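Right, one structure below, let's go through it.
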Amino acid sequence: MTLHIHDTLSGQKVPFEPTNPDRVTMYVCGPTVYNYAHIGNARPVVVFDVLFRLLRHLYGEDKVVYARNITDVDDKINKKAIDEGVDISVITNKFADIYNADMAALNALPPTYQPRATEHMPDMVAMIEDLIARGAAYVTDDGEVLFRVAEYDAGSGRYGKLAKRSLDDMIAGARVEVAENKDNAADFVLWKPSKPGEPVWPGPPNPSTGKPLPGRPGWHIECSAMSEAVLQLPIDIHGGGQDLIFPHHTNEIAQSCAAHGHSDPAAYAKYWMHNGFLDFSGEKMSKSLGNVVLVHDLIKDYPGEVIRWALLSGHYRSPLNWTPELLEQSRKEIDSLYQLMRDVKARNFHIVSDYRTLEVEANNLAEGVIAELRDDLNTPEAKRLLFALRDSLRGEFRWADEGNDREVPTSIILRALQIVSGVFGILQQDPEAWFRGGASDDLTAQVEALLVERATARAAKNWPESDRIRDALNALNVEVMDGPNGATWKVKGK
RNA sequence: GGCCUGAUGGCGGAGCGGUUACGCACCGGAUUGCAAAUCCGUGAAGCCCGGUUCGACUCCGGGUCAGGCCUCCA
């Protein structure tokens with residue numbers, strides 16, 4: 001029954017044991033809000049949303065606390081605000097709202113907390129103050145506060161453990177210019193003066209003058225401060241994209257441990273999880289190649305569930321090739337699952353006698369899907385079993401259709417299906433609504449009227465008229481499916 | 001240059017030292033007034049070279065190629 005996850009720090013798949021099973025905590029690094037999120041940004045959101053859903057399933061809905069921050073202090077935000085002549089909040093509020101709407105379209109549940117850097121300045125400043133007091137950080141002549149990496153690493157060699165890289169390796173392979181104000185090339189910024197026109201906050205006191213250093217925080221400190229403020233240490237699971245392993249998460253560990261005098265990185269976060277990158281058929285997504293795929297645009301062409309399903313088609317730690325073909329395949333798979341739901345609902349089975357076999361089978365398969373997800377979110381294997389569940393239910397229909405009057409309770413089938421789809425975060429709407437693909441009431445009325453006409457024509461075996469009406473429906477981008485109990489329809493390509 | 005991953009059928013993508021992954025597409029068939037949906041069925045794989053083994057897609061070594069990080073980056 002245990003959840004196993006691949007922990008970046010140990011480099012192994014390990015059993016997950018929360019510090020407190022009644023309050024399982026998870027922190028995932030969120031967006032810097034100065035632009036639209038691209039599909040690569042959505043991968044961690046969807047992956048960790050599945051983990052969130054799985055944890056809720058395993059520990060209870062109200063036992064899991066999930067925080068995903070919003071970075072609203074940043075150079076790119078500042079630049080945009082200055083370019084547009086507005087306060088940074090104009091930029092950050094706008095894009096935070098868009099981000100949340102886009103992610104909601106992918107069926108990502110809202111995190112329990114969504115802390116913003118600007119709302120946690122005092123926490124950051126206090127932490128920097130502690131770091132200075134402990135000698136873990138120093139103030140430069142130009143008013144920057146830097147973290148003293150060599151001091152943290154001394155004796156233990158613990159800096160860079162998450163990235164499996166020693167401090168020596170990093171300095172040896174460094175392509176960074178050494179800033180002349182740094183004691184050590186690897187030292188990183190905790191606090192720095194703002195440039196003219198940029199927002200300024202009162203920082204930690206300069207030990208030599210006792211006066212606060214005006215400026216703004218560095219990149220890493222916000223996550224250290226916010227995760228602690230919102231979740232309390234140690235965090236159970238800390239996640240993000242692979243690129244964050246170094247330097248972001250590496251530096252978070254160093255800061256947070258140094259601020260509290262902890263030697264064990266697990267005192268900050270017990271488990272570290274990182275998702276792999278999306279591929280674009282060998283090309284990197286970049287503005288110069290013109291192949292940046294924005295979630296905001298994608299959801300105009302594909303239902304969010306399809307995009308989500310495509311993101312889950314590979315294991316989260318592996319690269320995933322993002323292509324139009326993948327989206328088309330995902331659409332068909334989701335369609336087939338909704339078709340199954342549609343068929344289940346159309347049956348109106350009642351509980352009568354021997355349904356136990358099916359109940360056991362459905363529950364076993366549903367359990368199997370969950371079990372695969374418990375194995376480090378093995379979504380491909382879980383998918384396999386979900387399709388097995390589909391086939392099993394289809395087989396049951398056949399059995400009934402062949403005249404074996406073994407009635408089956410629809411509720412049992414649906415429950416198994418819903419448990420699974422709930423953890424995956426798919427099949428969250430009514431199948432009829434799905435196939436109508438957001439058709440307007442006008443269109444729906446028009447289609448229904450045509451279908452009535454067509455039913456009359458078909459009853460009279462007037463095939464030319466029947467086909468003429470179907471052509472008219474096709475012209476409306478509607479596909480008709482004749483069934484034993486009348487016709488159903490769906491909007492094509494949705 | 002340093003560090004780290006990975007290479008599976010047309011495409012996507014898993015597990016596993018010996019047994020059909022699975023999905024999508026394709027092809028054949030059933031069903032259908034014709035379709036769609038659904039069902040049945042066939043075909044299709046493991047980068048290269050060594051090694052270990054009775055036996056390797058699965059383990060080990062080397063090579064080649066690809067990707068990621070080392071600088072903002074999911």
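On a predicted model such as this, the values are computed, not experimentally measured, just so you know. Proteins come first, then strands; the chains are lettered A, B, ... in the order of their sequence lines, and each starts at number 1.
- Straight-line distance from the CD atom of A/Q242 to the P atom of B/C3: 18 Å, rounded to whole Å.
- Here the P atom of nucleotide B/U38 and the CE atom of A/M481 are 9 Å apart, to the nearest Å.
- Using a 4.0 Å cut-off between a side-chain N of Lys or Arg and a carboxylate O of Asp or Glu, A/E333 and A/K383 qualify as a salt bridge.
- Considering only side-chain atoms of A/D467, the nucleotide from B/C70, B/A37, B/C34 that sits closest is B/C34.
- Listed candidates were B/C70, B/G23, B/A35. Nearest to the side chain of A/F387 is B/G23.
- In this structure, A/R458 reaches the bases: a heavy-atom distance under 4.0 Å links it to at least one base atom across the strands shown.
- A cation-pi geometry, defined here as NZ or CZ lying under 6.0 Å from the six-membered ring centre and within 45° of its normal, does not hold between A/R53 and A/F424.
- Look at NZ on A/K383: it is 10 Å from P on B/G23, rounded to the nearest Å.
- A/R165 comes within 4.0 angstrom of a base, heavy atoms only.
- Of the candidate nucleotides B/C34, B/A74, B/A14, B/A14 has the atom lying nearest to any side-chain atom of A/S318.
- Across all strands, A/T488 comes closer than 4.0 Å to no nucleic acid atom at all (heavy-atom distances).
- The base of B/G15 does not come close enough to the side chain of A/N378 for any donor and acceptor atom to sit less than 3.5 Å apart.
- Residue A/G483 is the one, among A/R394 and A/G483, whose nearest nucleotide of RNA chain B lies closer to the 5' end (criterion: closest heavy atom).
- With B/A35, B/A36, B/A25 as the candidates, the nucleotide lying closest to the side chain of A/R470 is B/A35.
- Remark: the separation of the C1' atoms in B/G51 and B/G1 is 31 Å, to the nearest Å.
- Base pairing analysis places B/G46 opposite nothing; no Watson-Crick or G-U wobble pair with both distances below 3.5 Å involves it.
- For the side chain to side chain donor-acceptor pair (under 3.5 Å) criterion with A/T8, the lone passing option out of A/H274, A/R317, A/H249 is A/H274.
- Note on A/K76: only backbone sugar-phosphate atoms sit closer than 4.0 angstrom, heavy atoms only; bases stay farther off.
- Contact annotation for A/V480: base contact, defined as any heavy-atom pair under 4.0 Å involving a base atom.
- Evaluation of atom-type donor-acceptor distances gives no pair under 3.5 Å for the side chain of A/R342 against the base of B/A37.
- Classified by interplanar angle (parallel below 30°, tilted 30° to 60°, perpendicular above 60°), the ring pair A/H238/A/Y27 is tilted.
- For A/N321, taking side-chain heavy atoms from C-beta onward, the closest of the listed nucleotides B/G12, B/A14, B/C69 is B/G12.
- Taking the nucleotide of RNA chain B with the nearest heavy atom to each of A/P319 and A/R454, the more 5' of the two is matched to A/P319.
- Distance from the side chain of A/D279 is smallest to B/G67 among B/G67, B/A37, B/A14.
- Under the Watson-Crick or G-U wobble criterion, with both distances below 3.5 Å, B/A74 is left unpaired in every strand shown.
- A salt bridge (charged side-chain N to carboxylate O under 4.0 Å, His left out) with A/K13 is found for one member of A/D376, A/D7, A/D375 and no other, namely A/D375.
- Side chain of A/W463, nearest nucleotide from B/G33, B/C22, B/A74: B/G33.
- For A/R384, whose side chain is taken as the heavy atoms from C-beta onward, the closest listed nucleotide among B/A74, B/U38, B/A21 is B/A21.
- Nucleic acid contact for A/L320: sugar-phosphate only, since backbone atoms but no base atoms lie under 4.0 Å from a heavy atom of the residue.
- Side chain A/Q329 to base B/G23: a donor-acceptor pair is found below 3.5 Å.
- Across the strands present, B/A37 finds no partner; the criterion is a Watson-Crick or G-U wobble pair with both atom distances under 3.5 angstrom.
- A/H315 comes within 4.0 angstrom of the backbone, heavy atoms only, and of no base.
- In this structure B/G17 sits in no base pair that meets the Watson-Crick or G-U test at under 3.5 Å.
- Counting any heavy atom pair closer than 4.0 Å across all strands shown, A/I39 reaches no nucleic acid atom.
- Comparing B/A37 with B/C70, their P atoms sit 46 Å apart, to the nearest whole Å.
- Looking at heavy-atom distances under 4.0 Å, A/E381 makes contact with a base.
- Taking atom CG of A/L393 as the reference point, atom P of B/U38 lies 14 Å away to the nearest angstrom.
- B/A74 has its base stacked against the ring of A/F277, the centroids being under 5.5 angstrom apart at an interplanar angle below 30°.
- Among the nucleotides B/A35, B/A74, B/C24, the one closest to any side-chain atom of A/D482 is B/A35.
- Taking the ring axis of A/F246 as reference, the NZ or CZ atom of A/R165 stays within 45° of it and closer than 6.0 Å to the ring centre.
- Ring planes of A/Y338 and A/F435: perpendicular class, angle over 60° (limits at 30 and 60°).
- No engagement by A/D74 is indicated, since no non-hydrogen atom pair under 4.0 Å with the nucleic acid exists.
- With respect to the salt-bridge test (charged N to carboxylate O, under 4.0 angstrom), the residues A/E465 and A/R468 qualify.
- Applying the 3.5 Å distance criterion, the base of B/G12 shares no donor-acceptor pair with the side chain of A/S330.
- B/A35 atom P lies 18 Å from atom CG of A/L473, rounded to whole Å.
- Atoms CG (A/L386) and P (B/C22) sit 15 Å apart, rounded to a whole Å.
- Here A/G314 lies in heavy-atom contact (under 4.0 Å) with sugar-phosphate atoms only.
- Contacts of A/D75 with the nucleic acid, taken as non-hydrogen atoms under 4.0 Å apart, are absent.
- The CG atom of A/D102 sits 15 Å away from the C1' atom of B/A74 (whole-angstrom rounding).
- Between A/Y66 and A/Y113, the distance separating the two ring centers is not shorter than 6.0 angstrom.
- Between the P atom of B/A37 and the CH2 atom of A/W489 lies a distance of 17 Å, rounded to the nearest Å.
- Searching all strands for a Watson-Crick or G-U wobble partner of B/U64 with both distances below 3.5 Å returns B/A7.
- Shown here, B/G12 forms a base pair with B/C22; the pair counts as Watson-Crick or G-U wobble because both key distances fall under 3.5 Å.
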